[in-house]
Amino acid sequence: MSANNDGPGEGGPPSKSEHTRALILETAMRLFQERGYEKTTMRAIAKEAGVSVGNAYYYFAGKEHLIQFFYDRIAAEHQEAVREVLGRETDLEARLAGVLKAWLDIATPYHEFAVQFFKTAADPDSPLSPFSPESEHARMEAISVHRQVLAGATKTKVPEELRDVLPELMWLSQMGLVLYWIFDRTEGRERSYRLAERGARLTARGVALSRFRVLRPLVREVHELFTDFLPGMTKALPDPAVKGRGE
């Protein structure tokens, strides 16, 4: 992204730089939704936003950077939105349900964009995949929310050996909810909210069961399954065909 970090003082109004960056981003999101990601150019975004092409590239190196900035913004908004529920609830199920429903609330304005964009984000080789190295910052922010969920669940004891494993598994479960939400056509995405509640209930029960030593190896094995085979989860094996072409 841009090296331009000038902004307002703490508590001050947005600077011109921040306003321009936000304008370009909002324009891009609208055009991606209307025309599709592939058919929308940086030139079109700049024209629609009323800025020069050079100015658009000053803030964002390209379309991929726009999407990564969008990911980061959603992650930051989610961190802010969950403060109230995490400060109020101590029950794991209530904390997790509140966190998942807060994400659905924040994502609501972008549902149609997500539908249009899904094909690109679902490509395992795309830097815009939520599992890609380029998406790591937003992914780590999202996982950190689940760490907070577990840390403040005072009635639930999490074995020390699973404290790094469970937040990632909870985030992966959230990704399943996101996928369902993308295809959810019910009014107000009502079924997605119901899935969030039921998923939180099931997850809370699973975490509670993990206190039993006999089940801990199973939890770790599930985690290793995902980290070994999901693209972008750092342990993914290289494609032998790709290696062969490069030799």
Side-chain angles (χ1 to χ4, degrees), residues 1-81 102-145 171 175 178-179 181-182 231-234 236 239 242 245-246:
M1 269 179 268
S2 165
N4 178 25
N5 295 317
D6 57 317
E10 190 172 340
S15 67
K16 182 179 179 181
S17 174
E18 288 181 317
H19 175 76
T20 302
R21 184 184 291 110
L23 173 63
I24 295 171
L25 180 61
E26 294 299 337
T27 302
M29 292 302 105
R30 177 169 56 82
L31 292 183
F32 290 157
Q33 181 171 318
E34 293 174 355
R35 307 178 184 181
Y37 176 78
E38 296 296 336
K39 294 182 179 179
T40 301
T41 64
M42 286 293 287
R43 183 174 296 277
I45 293 168
K47 181 179 180 180
E48 194 75 13
V51 302
S52 68
V53 176
N55 206 15
Y57 276 110
Y58 174 74
Y59 289 104
F60 300 99
K63 292 192 298 181
E64 291 178 359
H65 287 80
L66 276 160
I67 297 297
Q68 293 298 344
F69 193 89
F70 171 69
Y71 286 169
D72 289 343
R73 190 177 74 173
I74 289 290
E77 289 181 4
H78 191 218
Q79 285 269 8
E80 181 65 27
W103 188 91
L104 292 173
D105 290 343
I106 290 169
T108 292
Y110 308 106
H111 185 265
E112 291 308 313
F113 162 68
V115 172
Q116 296 291 331
F117 184 66
F118 173 71
K119 181 179 179 180
T120 300
D123 181 352
D125 295 323
S126 171
L128 302 181
S129 163
F131 303 103
S132 72
E134 291 83 355
S135 301
E136 182 179 13
H137 181 265
R139 183 168 64 248
M140 291 300 102
E141 286 293 296
I143 292 173
S144 75
V145 170
W171 173 75
M175 288 299 96
V178 172
L179 180 61
W181 170 79
I182 288 173
M233 291 297 282
T234 72
D239 184 343
V242 173
R245 288 197 296 270

Closest contact, heavy atoms only, [X] versus [Y]:
| X | Y | result |
| --- | --- | --- |
| Phe131 | Met175 | CZ-CG, 4.4 Å |
| Ala49 | Thr27 | CB-OG1, 3.6 Å |
| Leu31 | Ile45 | CD1-CA, 3.8 Å |

Drop me the distance from Leu66's CG to Tyr37's OH, to the nearest 0.5 angstrom.
8.0 Å
CD1 of Ile182 to CD of Glu112: how many Å apart, nearest 0.5 Å?
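Spacing of CD1 (Ile182) from CD (Glu112) equals 11.0 Å.
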Given the side-chain rings of Phe69 and Tyr59, with only the six-membered ring counted for Trp, is the space between their centroids under 6.0 Å?
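For Phe69 and Tyr59, the ring centres are not under 6.0 Å apart.
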Please confirm whether the ring centroid of Trp103 lies under 6.0 Å from the ring centroid of Tyr110.
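Between Tyr110 and Trp103, which both carry aromatic rings, the centre distance is not below 6.0 Å.
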Arg43, CZ: over 12 other non-hydrogen atoms inside 6.0 angstrom:
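Atom CZ in Arg43 is not packed in, count stays at 12 or less.
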Should we say atom NZ of Lys63 is surrounded by more than 12 heavy atoms from elsewhere, each under 6.0 Å from it?
yes
Check whether any side-chain heavy atom of [X] lies under 4.5 Å from a side-chain heavy atom of [Y], and answer yes or no.
| X | Y | value |
| --- | --- | --- |
| Leu23 | Glu18 | no |
| Arg30 | Gln33 | no |
| Glu141 | Asp72 | no |
| Thr20 | Tyr58 | no |

Quick one: does any side-chain atom of Tyr71 pair with a main-chain N or O of Leu128 as donor and acceptor, under 3.5 Å?
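Between the backbone of Leu128 and the side chain of Tyr71 there is a qualifying donor-acceptor contact (under 3.5 Å).
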With a 3.5 Å distance limit and no angle check, can you tell me whether Thr108 reaches the backbone of Leu104 through a side-chain donor-acceptor pair?
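The answer is yes, because a donor-acceptor pair under 3.5 Å joins these two groups.
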Are Glu38 and Lys119 ion-paired here, with the side-chain N under 4.0 Å from a carboxylate O?
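Judged by the 4.0 Å cut-off on N to carboxylate O distance, Glu38 and Lys119 do not form a salt bridge.
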Got a salt bridge between Glu77 and Arg73, using NZ or NE/NH1/NH2 to carboxylate O under 4.0 Å?
yes
What do the steps show when you test Phe118 against Trp181 for ring pair (Phe, Tyr, Trp, His ring centres under 6.0 Å), and what is the final call?
CA-CA 11 Å; Phe118 173 71; Trp181 170 79; over 10 Å; no
Without hydrogens or angle criteria, can the side chains of Ser132 and Ser135 be said to hold a donor-acceptor pair below 3.5 Å?
yes
